[in-house]
Amino acid sequence: MENEVVSRNFIEQIIDNDIEDGHCKKVITRFPPEPNGYLHIGHAKSILLNYGLSQKYHGQFNLRFDDTNPTKEKEEFVESIKSDVEWLGAKWHGDVLFASSYFTQMYEAAVKLIKKGKAYVCDLTPEQIREYRGTLTQPGKESPYRNRSVEENLELFENMKNGVYEDGAKVLRAKIDMASPNINMRDPIIYRVAHITHHRTGDTWCIYPMYDFAHPIEDAIEGVSHSICTLEFEDHRPLYDWVVKELEYENPPKQIEFAKLYLNNVVTGKRYIKKLVEDGIVDGWDDPRLVSIAALRRRGFTPESIKMFVDLVGVTKSQGAVEYPMLEYCIREDLKQKASRMMAVLDPVKLIIDNYPEGQVEYMEVPNNQENPELGTRKVPFTKELYIEREDFMEEPPKKYFRLFPGNEVRLMNAYFVTCVDYKKDANGNITEIHCTYDPQTKGGNFAGRKVKGTIHWVSVSEGVNVEARLYENIVDEEKGVYDEETGEINLNPNSLKVVKNCYVEPALAKANAQDKFQFVRNGYFCADVKDSIEGKPVFNRIVSLKSSFKLPV
RNA sequence: UGGGCUUUCGCCAAAUGGUAAGGCACUGGAUUCUGAUUCCAGCAUUCUGGGGGUUCGAGUCCCUCAAGCCCAGCCA
């Protein structure tokens, strides 16, 4: 019985209090993306946080598209966002919701404010509005249109709705305080004119609500109890509360801000990614080197590993950046038991067993995962000629090198003990073949007679299959830092993608389907690529290498 | 030089005035048919950005200084 006390994060503490004092009867959270781009790992934190809270408190989680600005939004993105949220395992309540479904209610809410004398139509130009707003250190000044009568405002606002005015000619503003030290409270614009076709409402509207006005209304309509967003909205909370109060909602939602998830040495900025795509440096928004949800999925990360990661990172208000190895830890941890452990040689050199019968194929029965018997066993063909890793042989080994070298005996994993008797080199001094003898009584690799320090993996030359594998490094040059100080551009790592064409894998791997994940013994975890794998000819992306404490002395 | 927020080990993060959890990373060592995994040990010995104060007692309260992040879109 585990009696461990798990401390609650600050949001849970707020919710606990709200429940305790009766302010909150049902916890309703939401993930409110604008459909204007692809989701990345940072959004995963928000999704999982909001969904997790709804689960923990037996409440409800909504997926709502915040589509109040048709100039930036596309249907394409609502589809990709939906599939990303789904993939992460966050099940939203009922139908997908859209802010645009509430346009009528928002319009009515605006009318209500006008009637209360809390909003007015302003004719100032964008330049003038900026000027009147003041600066960070100086208060703003009031618009000359600020004291129009309720009747006039009502008429003007209706005209705005009816398309009487050009884009930018007039806006509706909340009447708050032009001298507020918080710039968001200096009579913020709550409605603008925009003659644009909306991806869902078409041409029904030519005025659209601004975020600060729309968002609290959306939350209130849906009965959201806790509206969780990121730190940059802290300054907006007084306005959020103002809207909710003036509109007199019964159970006003509460906005809570938390710190975004940043990864060290990782690029998430839209414009940078866009440039990488345009420059052909990556093959799309789902290039496995990126950290969009789609990219992580393609790379081979599992939803479980992402969940583990955000849980490990925690929820606070202090902004920081997590190190990438934490994410790597999570996927290794998740795949450790789940993935079959197969043999694949990434940098092959031929090993010939001189005393093994020519043409013979022996099938070795091997467990798919030593730590998880449920994964069963498979048969791996063994022959006279094999491929082994080039780095598993050295002519002149340093101390404590216990792989293959002249005169040394090692275990071929799951097969036999072999002893190196000879090797051949080409004119350039590269090893071309290694000759060994094997000991038949060591079959299967279990032999009580002798101990052997090294175990290496192998693939049969005649039975193995040639595939392509891709090895990744950070797309950013970590030595130089993410951004070039002068140009502001990304410092690219020229070695971020290594394509290995002559990778040899055991036959079972040829049958891998897209997204299947394996451990390639001693080489890391790999995932069959969704885009480039074809039937019988998978392409493997390395998700993450295995940890290694082995280093050659220098 | 206005306002808001943040500051606990290299990174993330607990501690809710009672004497600095945990994870990642790292370092040793044991086990091992993956130099993986697993295991065991070490990793802020008066220390919580600095300096004051209150208190029997402060990372937690007060004052003050400093540093970092965010805000002047008819973006979200």
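Keep in mind it's a predicted model, so treat the numbers as computed, not measured. Residue numbers start from 1 in every chain, and the chains themselves are labelled A, B, ... in the order their sequence lines are given, proteins ahead of strands.
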For nucleotides 18-24 of chain B, tabulate all protein N/O to nucleotide N/O atom pairs closer than 3.5 Å, reporting atom names and distance.
residue: B:rC24; atom: OP1; partner: A:Y329; partner atom: OH; Å: 3.3

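Nucleic acid contact for A:K400: base, since at least one base atom lies under 4.0 Å from a heavy atom of the residue. Residue contacts for A:V521: at a heavy-atom cut-off of 4.0 Å it reaches a base atom on one of the strands shown. A:T316 comes within 4.0 angstrom of the backbone, heavy atoms only, and of no base.
The pair A:R186-A:D177 does not meet the salt-bridge criterion, since no charged nitrogen lies less than 4.0 angstrom from a carboxylate oxygen.
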- Under 4.0 Å protein heavy-atom contacts per nucleotide of nucleotides 66-76 of chain B, with B for base, S for backbone only and - for none: ---SBBBSBBB

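In terms of modelled atom types and a separation under 3.5 Å, the side chain of A:D187 and the main chain of A:I176 share a donor-acceptor contact.
Nearer to the 5' terminus of RNA chain B, by closest-nucleotide assignment, is the contact made by A:N9 (compared with the other of A:N9 and A:N369).
Counting to the nearest Å, the P atom of B:rA36 and the CD atom of A:Q337 are 17 Å from each other.
Anti is the conformation of B:rG53, whose glycosidic angle sits further than 90° from 0.
Under the Watson-Crick or G-U wobble criterion, with both distances below 3.5 Å, B:rC69 is paired with B:rG4.
With A:Y191 as the fixed residue, the ring pair (Phe, Tyr, Trp, His ring centres under 6.0 Å) test singles out one of A:F157, A:Y208, A:W205: A:F157.
Under 3.5 Å, the side chain of A:Q519 and the base of B:rU34 form at least one donor-acceptor pair of N or O atoms.
Side-chain proximity of A:K317 to B:rA36, B:rU38, B:rC5: nearest is B:rC5. Here B:rG35 is the nucleotide among B:rA14, B:rU34, B:rG35 with the atom lying nearest to any side-chain atom of A:S548.
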